[in-house]
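Encoded as structure tokens, the structure appears first; notes follow it.
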2 protein chains.
Amino acid sequence: MAFAVTIDLVVFTIREDELCVLAVRRGVSPYCGRWALPGGFVQEEEGLLDAAQRELAEETGLEDLPVHLEQLATYGAPRRDPRLRVVSVAYLALAAELPEPAAGSDASEARWRPVADLSSPSRLAFDHDEILADGLERARGKLEYSPLATAFCADEFTVAELRHVYEVVWGIDVDPRNFHRKVTGSPGFLVPTGRRATRNGGRPAQLYRRGEAKLLNPPISR
Amino acid sequence: MAFAVTIDLVVFTIREDELCVLAVRRGVSPYCGRWALPGGFVQEEEGLLDAAQRELAEETGLEDLPVHLEQLATYGAPRRDPRLRVVSVAYLALAAELPEPAAGSDASEARWRPVADLSSPSRLAFDHDEILADGLERARGKLEYSPLATAFCADEFTVAELRHVYEVVWGIDVDPRNFHRKVTGSPGFLVPTGRRATRNGGRPAQLYRRGEAKLLNPPISR
DNA sequence: CCAATAGTGTCTTTCAGACACTATATA
DNA sequence: TATATAGTGTCTGAAAGACACTATTGG
């Protein structure tokens with residue numbers, strides 16, 4: 001039995017206080033005209049992660065992206081693609097704010113779409129609603145016990161910017177004082193650069209870079 | 001580009017104070033004679049989870065197994081199988097103690113092997129060392145914040161038996177008093193049946209069944 | 001000066017971890 | 001009786017959450 005194997009990407013970023021996902025409008029059948037997650041076929045001599053990185057570079061138009069990329073899950077229901085039997089390996093990517101993407105070969109349009117606009121009966125193509133929901137849940141959960149939130153920030157960032165990531169992804173308010181104490185007290189999470197920045201008036205904030213820590217203990221609870 | 005798609009199973013159980021994994025000795029090339037994880041090809045009209053359930057039933061010889069089964073990860077390095085391009089979707093299964101398994105069609109032998117015996121340079125076939133390691137890490141992590149440990153227990157079990165699961169999987173001692181307070185105080189985790197049992201002498205213990213809770217909050221920390 | 005944001009200190013409650021103690025079975 | 005295991009109570013230290021307070025900028 002022969003299968004086609006594809007990669008689908010759930011790429012999140014934060015733009016203007018909203019969690020956004022990279023979406024493409026399909027220009028070919030099936031689901032022509034419908035919004036979908038970006039993706040494509042795995043090539044003959046290509047590993048799965050390699051394929052995900054290639055697709056990500058193609059869709060965003062950028063090389064050497066400073067993004068987090070991890071495998072999410074694999075979807076292979078017999079008729080998820082009406083043309084042929086396709087098994088799709090989904091990857092989750094988190095990126096700092098990027099420029100508006102360019103449309104790829106088989107997409108008539110590519111855009112950052114607020115995740116809130118794609119909920120419920122928004123009906124992405126194929127089973128992409130399910131993949132998006134799984135990606136969102138993974139991202140939300142991982143913020144708790146990993147330093148993943150820094151993947152949404154630029155190379156240098158303030159504690160307030162990092163806190164903003166949590167607030168947008170979780171959709172709740174976080175106490176600035178307790179958050180500050182927690183993240184600056186978590187060893188290896190943040191490294192002060194010595195520089196300071198004034199972003200929105202008020203006292204200038206210390207700038208930080210991601211630290212070496214791979215796990216947050218204790219976690220930050222939702 | 002055509003791929004073969006397979007399922008590989010990481011099936012854990014606890015036997016005689018040891019965490020064991022279901023392993024088969026390969027009877028055909030490649031890796032003939034070597035130990036491997038059980039698995040097989042996904043059929044034409046079969047979903048991935050369906051295939052995993054079918055393989056699990058075939059390998060253990062039992063239907064309607066009361067086991068936990070979840071997708072683990074997907075492995076697709078270009079030359080992980082020397083014969084052809086294979087993408088394998090691995091599933092993690094956790095089961096209460098089961099009888100010694102029967103060998104399948106392409107395996108000369110099937111056995112429960114202690115995980116400790118398969119560490120380091122044990123060299124399972126293909127990339128199965130990596131899959132096993134990923135499965136072990138997933139199982140260990142999930143015990144912390146989910147009621148998954150009950151999947152290793154029979155339908156009715158004592159707090160001591162549940163504690164034993166944590167001790168064997170994590171390889172550490174757990175304080176019986178604090179553990180008892182914690183799990184019985186976690187709402188929806190355990191449901192007392194009213195029955196009692198004497199397993200090893202001493203005061204008989206209350207018997208419990210799994211509750212409805214899908215998440216443990218706060219988690220039990222390693 | 002005031003407004004706004006950054007960052008610290010302090011109090012209360014909750015919970016993990018250590019462990020003494022009581023309860024109920026078998027030999 | 002002794003012994004083994006089940007289950008409860010209590011103390012201590014760490015950390016979460018609430019929030020008063022100080023610090024440093026711009027207007």
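Numbered from 1 within each chain, the chains take letters A, B, ... in sequence-line order. Treat the numbers as computed from the prediction; the structure is a model and nothing was measured.
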(request) State which residues pass salt bridge (Lys or Arg N to Asp or Glu O under 4.0 Å) with B:R163; sequence neighbours excluded, sorted by chain then number. (result) B:E167
(request) Check whether NZ of the Lys or CZ of the Arg A:R113 lies under 6.0 Å from the centre of the six-membered ring of A:W35 and within 45 degrees of that ring's axis. (result) yes
(message) Using 0.5 Å steps for rounding, measure from the CZ atom of B:R140 to the CZ atom of B:F12.
(response) 8.5 Å
(request) Figure out the CG/P separation between A:L162 and C:dA6, and round it to whole Å. (result) 12 Å
(message) Output the rounded distance in Å from CZ (A:R195) to C1' (C:dA6).
(response) 19 Å
(request) Please name all residues satisfying side-chain hydrogen bond (donor to acceptor under 3.5 Å, both in side chains) with B:R196, sequence neighbours left out, ordered by chain then number. (result) none
(request) Using side chain to side chain contact (heavy atoms under 4.5 Å, CB included) as the criterion, list what pairs up with A:A133, not counting sequence neighbours. (result) none
(request) Report the distance from atom OG of B:S119 to atom CG of B:L136, rounding to the nearest 0.5 Å. (result) 8.0 Å
(request) Return the set of residues passing side-chain hydrogen bond (donor to acceptor under 3.5 Å, both in side chains) with A:S186 (not counting sequence neighbours), or none when no residue passes. (result) none
Mind listing the N/O atom pairs, protein and nucleotides 1-4 of chain C, below 3.5 Å?
none

(request) Could I get the full list of salt bridge (Lys or Arg N to Asp or Glu O under 4.0 Å) partners for A:R123, not counting sequence neighbours? (result) A:D129
(request) Kindly state which residues belonging to residues 163-174 of chain A come within less than 4.0 angstrom of DNA chain D, counting heavy atoms of the residue only, listed by number. (result) none
(request) Report the residue (B:R222 or B:T198) whose heavy-atom-nearest nucleotide on DNA chain C is the more 5′ of the two. (result) B:R222
Side-chain donor-acceptor pairs under 3.5 Å in residues 142-157 of chain B, sequence neighbours left out?
from, atom 1, to, atom 2, distance (Å)
B:K142, NZ, B:E70, OE1, 2.9
B:E144, OE2, B:R222, NE, 3.0
B:E144, OE2, B:R222, NH2, 3.3
B:S146, OG, B:K142, O, 2.8
B:S146, OG, B:L148, N, 3.2
B:T150, OG1, B:P147, O, 2.7
B:D155, OD2, B:R209, NH1, 2.9
B:E156, OE1, B:R195, NE, 3.3
B:E156, OE2, B:R195, NE, 3.3
B:E156, OE2, B:R195, NH2, 2.4

(request) Could you tell me from which nucleotide to which nucleotide of DNA chain D, 5' to 3', there is an atom under 4.0 Å from chain B heavy atoms? (result) D:dA4 to D:dT10
(request) For each nucleotide in nucleotides 11-16 of chain C, reading 5' to 3', give B when a protein heavy atom comes within less than 4.0 Å of its base, S when such contact involves only the sugar-phosphate, and - otherwise. (result) -----S
(request) Supply the atom-to-atom distance B:L9 CG to B:I131 CD1, rounded to the nearest 0.5 angstrom. (result) 10.0 Å
(message) When you compare the side chains of B:D8 and B:Y75, does any donor N or O come within less than 3.5 Å of an acceptor on the partner?
(response) no
(request) List in chain and number order the residues that pass side-chain hydrogen bond (donor to acceptor under 3.5 Å, both in side chains) with B:D17, two or more places apart in sequence or in another chain; answer none if no residue qualifies. (result) B:H164
(message) Among residues at least two apart in sequence or on other chains, which ones pass ring-ring contact (aromatic ring centres under 6.0 Å, His included) with B:Y31?
(response) B:F126
